[in-house]
Colleague: 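Okay, here's the structure, questions in a sec.
Letters A, B, ... are given to chains in the order of the sequence lines, protein chains preceding strands, and every chain is numbered from 1. All values below come from the heavy atoms of this structure, side chains included, with hydrogens, waters and symmetry mates left out.
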Amino acid sequence: MNDEKLNQINEKLLKPYNPKETEGRIYKSWEESGYFNPDKLPERHKEPFTIIMPPPNANGSLHAGHAVFVTIEDLMIRYKRMRGYKTLWLPGADHAGFETQVVYEKKLEKEGRSRFKMERQEIYDEIMAFTLANKKHMENQLRELGASCDWSREKFTLDKDIIETVYATFKKLDKDDLLYRGKRIINWCAKHQTSLSELETNAKDQTDKLYYIKYGPITIATSRPETIFGDTAIAVNPHDKRYSQYIGEEIELGKLSEFIGKSKLKVIADEYVEKDFGTGALKVTPAHDPNDFELGKKHNLETVEVIDKYGKLNEKTGKYAGMKAEEARKVVVQDLEEASLLAKMENFSHAVKVCYKCEKTIEPMIMPQWFVRITPLAKKAIEAVASGEIKFVSKNFEKIFFHWMKNIQDWNISRQIAWGIPIPAKICDNCGEGFVDTEDVIKKCPKCGGAVYKDTDTFDTWFSSGQWPFATLGYPDGKDFKEFYPTNMMETGSDILSFWVARMIMFGLYITGKPPFKTIYLHGLVRDAEKKKMSKSKGNVISPIEMTAKYGTDALRMALIVGNTPGSDMALAEDKIKGYKHFANKLWNITRFTLSAASNFDPSARIDIAEQDKATLLELNSKIEYITKDIEEYRFYMAGEKLYHYIWHNFADIIIEESKKRLAGKDSQDKDSAIWTLLEILKKSVIVLHPFMPFITEEIWSMLPNNNGEKMLIIEKWPNK
RNA sequence: GGGCGCUUAGCUCAGUGGUAGAGCGUUUCGUUGACAUCGAAAAGGUCAGAAGUUCGAUCCUUCUAGCGCCCACCA
């Protein structure tokens, strides 16, 4: 090392560790080295190790959850890279269909605009510009967090080749009879004007009124009197003696006829009806209730739609037409009461489906939509997990996964929003049939010859992101697909197990015949110090980018690793991050001490190692062995804590303290041995700590006299022991 | 309603069939040379409750209580 460089190092070490000055420079040097790209790694890196990054939504800043996945995945990638694997961490960005559209609609609202007054293309273009700007922003934030991913392979969910893959899958599903366009009852959000999958609705407990209404001789109980105009039957339990005389008959409705617009209703019997609830009799409104819809199908009932897509009563309801459902309910009840048709009213609590975004009540509606028959795909996914082909790091997620997969229902994949991948299909104007048309060749309805128009719906975002692992790698012919698929690890939040992970498994197996990944690591939610959910409205959000600026990325990363066990939620307090900033500084001072002790020391000289030092190194090696085992077995929280403890309380508190006497002593052989040992421990500590705290370790590495010819730490070999 | 978990030091959490661990916090002491973003020391737990298996249970089994999450079509 020349004098100039030594002087630089000394000057740098005299000040406390400065992450701000260091991190950008180090990240740039990594990018320039090319080592993020598996193809540019040195010769020894042969066996692939692949993680496909869960693409963050390109609609805002990164939050603490993103920081967790970056930290854990980067840790695994850096560890495997040092172990000599040909590591690929493929980054991406998600257009996030409905999610982004909702974010953008809020922005429009603030500006006093509305998407319903805009042309389709206009809103699409605006959201595209918004998303691309955010995407760039998001990529820079990933860099700030130290993500050692291969930017040259980055993918966006709206890239042309991704869309082609998605279309090919759509076509294959159609060909295999796993796709249908069905007029089924779907979850409709009147605010967002789109249908939603089962997963995109939440159940909300609430107390409502249960109304008892006289349908001629039978009194029924209902929570939705405003839909009586759509009633096409009354249902009772077949074993209910109270009503057995009416089963199969049409009963006279008396005064109620004026409301319903018909004088009689058929009474059907079905086991679904609970004898003990309400009066044991219910009105059947197949067009506006999922259960009634099923009953209607089973008993061949007519469906009468009385609520439109804005949630208002339609022309079939006479004087109530144009009223919102909730408003109409009050008026109808009042009118029923005046007509002495309301037997009684009582409170009852039940679960209501609401939109997971706006929490408005879901309006069940009958609409033609594209559905995937998912059960056959689910079956294969269950087998892959049951056989151990795909493993969960936390076994309990396996149980949750099975439970969900065994109860899975057909999947509505069409959304009535502009932002997303357009569904490549034609719809007949005349008969309403839909036809998959990825090549855009259908000009007339193949069924009735009627005119067709292009489907205006877009795909559920999870339909496309469910194909992410093989789509990003260039299925079916891409070089990367052949080399890196199946990938090794899927690491993501446990909250999207069913949204995303399950779908990737199903599609991966269906399209490629192989599971998309071998191991699944799910992390929990990051909560605040009181274990409360972070939310902007509560003001308890910890922004990773702010933390990085304040305490350094390495400190943030350590705080996110230690105490974070796979699958359970973690608490994150700012003080914890601060604590690891202190740790970074401690390591910095250890370096200062060691290097100043070694300033006139030639590490390549032959040295007789003292027995005491041999024992110390043996202990270090054994520690590293345990830490390596922890990492291999995904106990990162444990490995991080052990490293912290070793470096601070063994290396600094004991080894360095005890070395002081020897360094001041006159036995030069013993002194050399002590210095050599300090350097050796520092070197190994920095290597093993690198996946956790990449920036400071790379920086220290560059200053070590024993750094193996100044190669970068990022590709340094992991110690064997 | 069904499923999956959790309950260990003030807080956040590890952990093991053989008389309990970490980090943070608290208290006391310590500052002339790596570091006050520091060092030394200390206090603090009948491991939710009950029963069972065992020579022995915080750990295995059952029950009870509280909490959390996921799923779900009693209107």
Side-chain angles (χ1 to χ4, degrees), chain A residues 13-14 16-17 185 198-199 201-203 208 210-213 220-225 227 234-235 237 272-285 288-295 348-351 353 364 394-409 494-495 497-498 524-525 527-531 533 551-552 555 558-559 562-565 567-573 575-597 630 635 637-638 640-642 644-645 648-649 652-653 656-657 659-660 663-664 678:
Chain A
L13 280 172
L14 279 177
Y17 174 62
I185 196 144
E198 295 306 318
L199 283 175
T201 65
N202 286 331
D208 282 313
L210 189 63
Y211 304 92
Y212 290 74
I213 303 173
I220 61 92
T222 181
S223 61
R224 300 204 61 188
T227 63
I234 287 169
N237 189 287
Y272 158 74
V273 183
E274 295 283 331
K275 285 193 280 191
D276 299 332
F277 188 89
T279 60
L282 57 91
K283 70 190 203 62
V284 185
T285 322
H288 298 289
D289 184 283
N291 306 312
D292 293 10
F293 181 78
E294 291 304 321
L295 278 178
F348 87 120
S349 59
H350 61 157
K353 265 192 194 177
S394 292
K395 278 279 174 205
N396 63 319
F397 284 119
E398 208 171 284
K399 292 177 191 164
I400 294 173
F401 172 82
F402 285 140
H403 185 251
W404 191 67
M405 292 301 264
K406 281 174 186 161
N407 296 301
I408 199 162
Q409 299 194 2
S494 58
D495 52 333
L497 169 61
S498 35
L525 221 59
R527 294 167 178 273
D528 74 2
E530 273 89 49
K531 282 232 120 185
K533 222 171 175 167
Y551 304 108
M558 263 317 248
V562 177
N564 187 1
T565 50
S568 39
D569 292 356
M570 74 169 304
L572 179 66
D575 274 350
K576 188 174 177 192
I577 306 170
K578 199 169 151 194
Y580 289 107
K581 181 195 157 90
H582 296 174
F583 176 58
N585 195 57
K586 186 78 184 177
L587 182 62
W588 192 251
N589 280 309
I590 288 171
T591 306
R592 184 195 299 172
F593 178 83
T594 304
L595 292 190
S596 72
D630 285 334
R635 290 185 301 265
Y637 61 95
M638 180 73 67
E641 196 179 311
K642 279 181 186 162
Y644 173 91
H645 199 263
W648 199 311
H649 300 297
D653 290 350
I656 286 186
E657 287 308 318
S659 77
K660 284 177 179 171
L663 295 175
L678 290 179

Colleague: Work out how far the C1' atom of B:G15 is from that of B:G52, and round it to whole angstrom.
Modeller: 24 Å
Colleague: Considering only the C1' atoms, how many Å lie between B:G10 and B:C70, rounded to the nearest integer?
Modeller: 32 Å
Colleague: B:A22 P sits how many Å from A:M558 CE, rounded?
Modeller: 17 Å
Colleague: May I have all residue pairs that pass side chain to side chain donor-acceptor pair (under 3.5 Å) and include part of residues 396-407 of chain A, sequence neighbours excluded?
Modeller: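 Checked against side chain to side chain donor-acceptor pair (under 3.5 Å) - neighbours excluded - the pairs reaching residues 396-407 of chain A are A:K395-A:E398.
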Colleague: Using the C1' atom as the point on both nucleotides, what is the distance between B:A48 and B:A43, in whole Å?
Modeller: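 Looking at atom C1' only, B:A43 and B:A48 are 24 Å apart.
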Colleague: Return yes if the base of B:A34 and the side-chain atoms of A:K660 contain a donor-acceptor N/O pair under 3.5 Å, otherwise no.
Modeller: yes
Colleague: Identify whether any heavy atom of A:Y637 sits under 4.0 Å from a base atom; if not, whether one sits that close to sugar-phosphate; answer base, sugar-phosphate or nothing.
Modeller: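 The answer is sugar-phosphate, as A:Y637 gets under 4.0 Å only of primed atoms, P, OP1 or OP2.
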Colleague: Angle class for the A:H649/A:Y644 ring planes (parallel below 30°, perpendicular above 60°, tilted otherwise)?
Modeller: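 Geometry flag for A:Y644 against A:H649: perpendicular rings.
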Colleague: Report the distance from atom CG of A:D653 to atom C1' of B:A22, rounded to the nearest whole Å.
Modeller: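 In whole Å, B:A22 C1' lies 15 Å from A:D653 CG.
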Colleague: Go nucleotide by nucleotide along RNA chain B from the 5' end; which of A:N564 and A:G579 gets its closest nucleotide reached first?
Modeller: A:N564
Colleague: Base, backbone or nothing for each nucleotide of nucleotides 68-75 of chain B, written B, S, -, heavy atoms under 4.0 angstrom, 5' to 3'?
Modeller: ---SBBBB
Colleague: Taking B:U64 as the reference, what is the distance to B:C4 when you measure between their P atoms (whole Å, please)?
Modeller: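 Approximately 16 Å lies between the P atom of B:C4 and that of B:U64.
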Colleague: Write down the distance between NE2 (A:H582) and C1' (B:G23), rounded to a whole number of angstrom.
Modeller: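 Roughly 14 Å, once rounded to whole Å.
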Colleague: Within the structure, does a side-chain N or O atom of A:K578 lie under 4.0 Å from either OP1 or OP2 of B:G25?
Modeller: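 A:K578 to B:G25 OP1/OP2: no side-chain N or O under 4.0 Å.
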Colleague: With both distances under 3.5 Å as the test, what is the Watson-Crick or G-U wobble partner of B:G68?
Modeller: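 When the pairing criteria are applied, B:C4 turns out to be the nucleotide that pairs with B:G68.
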Colleague: Roughly how far, to the nearest 0.5 Å, is CG of A:N589 from NE2 of A:H582?
Modeller: 12.0 Å
Colleague: Figure out the CD1/P separation between A:I577 and B:G23, and round it to whole Å.
Modeller: 19 Å
Colleague: What integer number of Å spans the C1' atoms of B:U53 and B:U62?
Modeller: 11 Å
Colleague: Are any of the side-chain nitrogens in A:D630 or A:K642 under 4.0 Å away from the carboxylate oxygens of its partner?
Modeller: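 Result for this pair is yes, salt bridge flagged.
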Colleague: Run the side chain to side chain contact (heavy atoms under 4.5 Å, CB included) test on A:W648 and A:F583 for me, step by step, so that the C-alpha distance in whole Å, both residues' side-chain angles and the decisive distance to 0.1 Å come before the verdict.
Modeller: CA-CA 8 Å; A:W648 199 311; A:F583 176 58; 3.6 Å; yes
Colleague: Using the C1' atom as the reference point in each nucleotide, state the distance between B:G44 and B:G2 in Å, no decimals.
Modeller: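 So the two C1' atoms sit 42 Å from each other.
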Colleague: Identify the nucleotide, in any strand shown, that forms a Watson-Crick or G-U wobble pair with B:G17, with both distances under 3.5 Å; if there is none, say none.
Modeller: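 With both distances under 3.5 Å required, B:G17 matches none.
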Colleague: Output yes when at least one side-chain N/O atom of A:W648 is less than 4.0 Å from OP1 or OP2 of B:G39, else no.
Modeller: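 Yes, within the criterion.
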Colleague: Name the nucleic acid region contacted by A:A584, choosing base, sugar-phosphate or nothing; use a 4.0 angstrom heavy-atom cut-off, strictly under.
Modeller: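 Answer is nothing: A:A584 stays at 4.0 Å or more from every strand.
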Colleague: Any side-chain N or O of A:H649 less than 4.0 Å from the OP1 or OP2 oxygen of B:G23?
Modeller: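 Looking at the OP1 and OP2 atoms of B:G23, one of them is under 4.0 Å from a side-chain N or O of A:H649.
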Colleague: Looking across every strand, which nucleic acid part, if any, lies under 4.0 Å from A:E657 by heavy atom: base, sugar-phosphate, or nothing?
Modeller: base
Colleague: Can you tell me how far apart CG (A:L13) and OG1 (A:T591) are? Round to the nearest 0.5 Å.
Modeller: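 These two atoms lie 6.5 Å from each other.
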Colleague: When both hydrogen-bonding distances must be under 3.5 Å and the geometry is Watson-Crick or G-U wobble, what is B:U54 paired with, if anything?
Modeller: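 Its partner: none found.
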Colleague: Could you tell me the Watson-Crick or G-U partner of B:G25, where both distances fall under 3.5 Å? Say none if there is no partner.
Modeller: none
Colleague: Taking all atoms of both residues into account, what is the closest heavy-atom pair of A:K283 and A:T285, and its distance?
Modeller: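 Scanning both residues completely, I find the closest heavy atoms to be NZ-OG1, 2.8 Å.
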Colleague: Of the nucleotides B:A14, B:A34, B:C4, which one has an atom closest to the side chain of A:M638?
Modeller: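 Of all the options, the side chain of A:M638 is nearest to B:A14.
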Colleague: May I ask you to verify if any side-chain N or O of A:T565 is less than 4.0 angstrom from the OP1 or OP2 atom of B:A14?
Modeller: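 Yes, A:T565 has a side-chain N/O under 4.0 Å of OP1/OP2 on B:A14.
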Colleague: Is the phosphate of B:G33, meaning OP1 or OP2, less than 4.0 Å from a side-chain N or O of A:S596?
Modeller: no
Colleague: Using purine N1 to pyrimidine N3 plus N6-O4 or O6-N4 for Watson-Crick, or N1-O2 and O6-N3 for G-U wobble, each under 3.5 Å, what pairs with B:A34?
Modeller: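 Result: none.
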Colleague: What integer distance in Å separates A:L525:CG from B:G5:C1'?
Modeller: 15 Å
Colleague: Send over the distance from A:K399 NZ to B:G3 P, rounded to a whole Å.
Modeller: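 Rounding to the nearest Å, NZ of A:K399 and P of B:G3 are 12 Å apart.
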Colleague: For the base of B:C35, is there a side-chain donor-acceptor partner from A:K586 under 3.5 Å away?
Modeller: yes
Colleague: Can you find a side chain N or O atom of A:Y17 that sits less than 4.0 Å from OP1 or OP2 on B:A34?
Modeller: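 No, because none of the side-chain N or O atoms of A:Y17 sits under 4.0 Å from OP1 or OP2 of B:A34.
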Colleague: Pick the P atom in B:U61 and in B:C73, then give their distance to the nearest Å.
Modeller: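 Taking atom P in both B:U61 and B:C73, they lie 33 Å apart.
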Colleague: With P as the reference atom in both, quote the distance from B:U46 to B:G21 in angstrom, rounded to an integer.
Modeller: 16 Å
Colleague: Enter the distance from A:L497:CG to A:F397:CZ here, rounded to the nearest 0.5 Å.
Modeller: 7.0 Å
Colleague: Within the 4.0 Å heavy-atom criterion, would you say A:S568 contacts the bases, only the backbone, or no part of the nucleic acid?
Modeller: sugar-phosphate
Colleague: Within less than 4.0 Å of OP1 or OP2 of B:A14, is there a side-chain N or O belonging to A:Y644?
Modeller: no
Colleague: Do A:F348 and A:D208 have side chains that approach each other closer than 4.5 Å (heavy atoms only, starting at C-beta)?
Modeller: yes
Colleague: Is there a donor-acceptor pair closer than 3.5 Å between any side-chain N or O of A:K353 and the backbone N or O of A:P364?
Modeller: no
Colleague: Over all strands shown, is A:I656 touching base, sugar-phosphate only, or nothing at heavy-atom distances under 4.0 angstrom?
Modeller: base
Colleague: Go through B:A14, B:C4, B:A22 for me and flag the one nearest to the A:E641 side chain.
Modeller: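 Among B:A14, B:C4, B:A22, the one nearest the side chain of A:E641 is B:A22.
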Colleague: How many whole angstroms separate atom NZ of A:K581 from atom C1' of B:C35?
Modeller: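 Interatomic distance, NZ of A:K581 to C1' of B:C35: 14 Å.
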Colleague: Look through every strand shown and name the nucleotide pairing with B:C63 as Watson-Crick or G-U wobble, where both distances are under 3.5 Å.
Modeller: B:G49
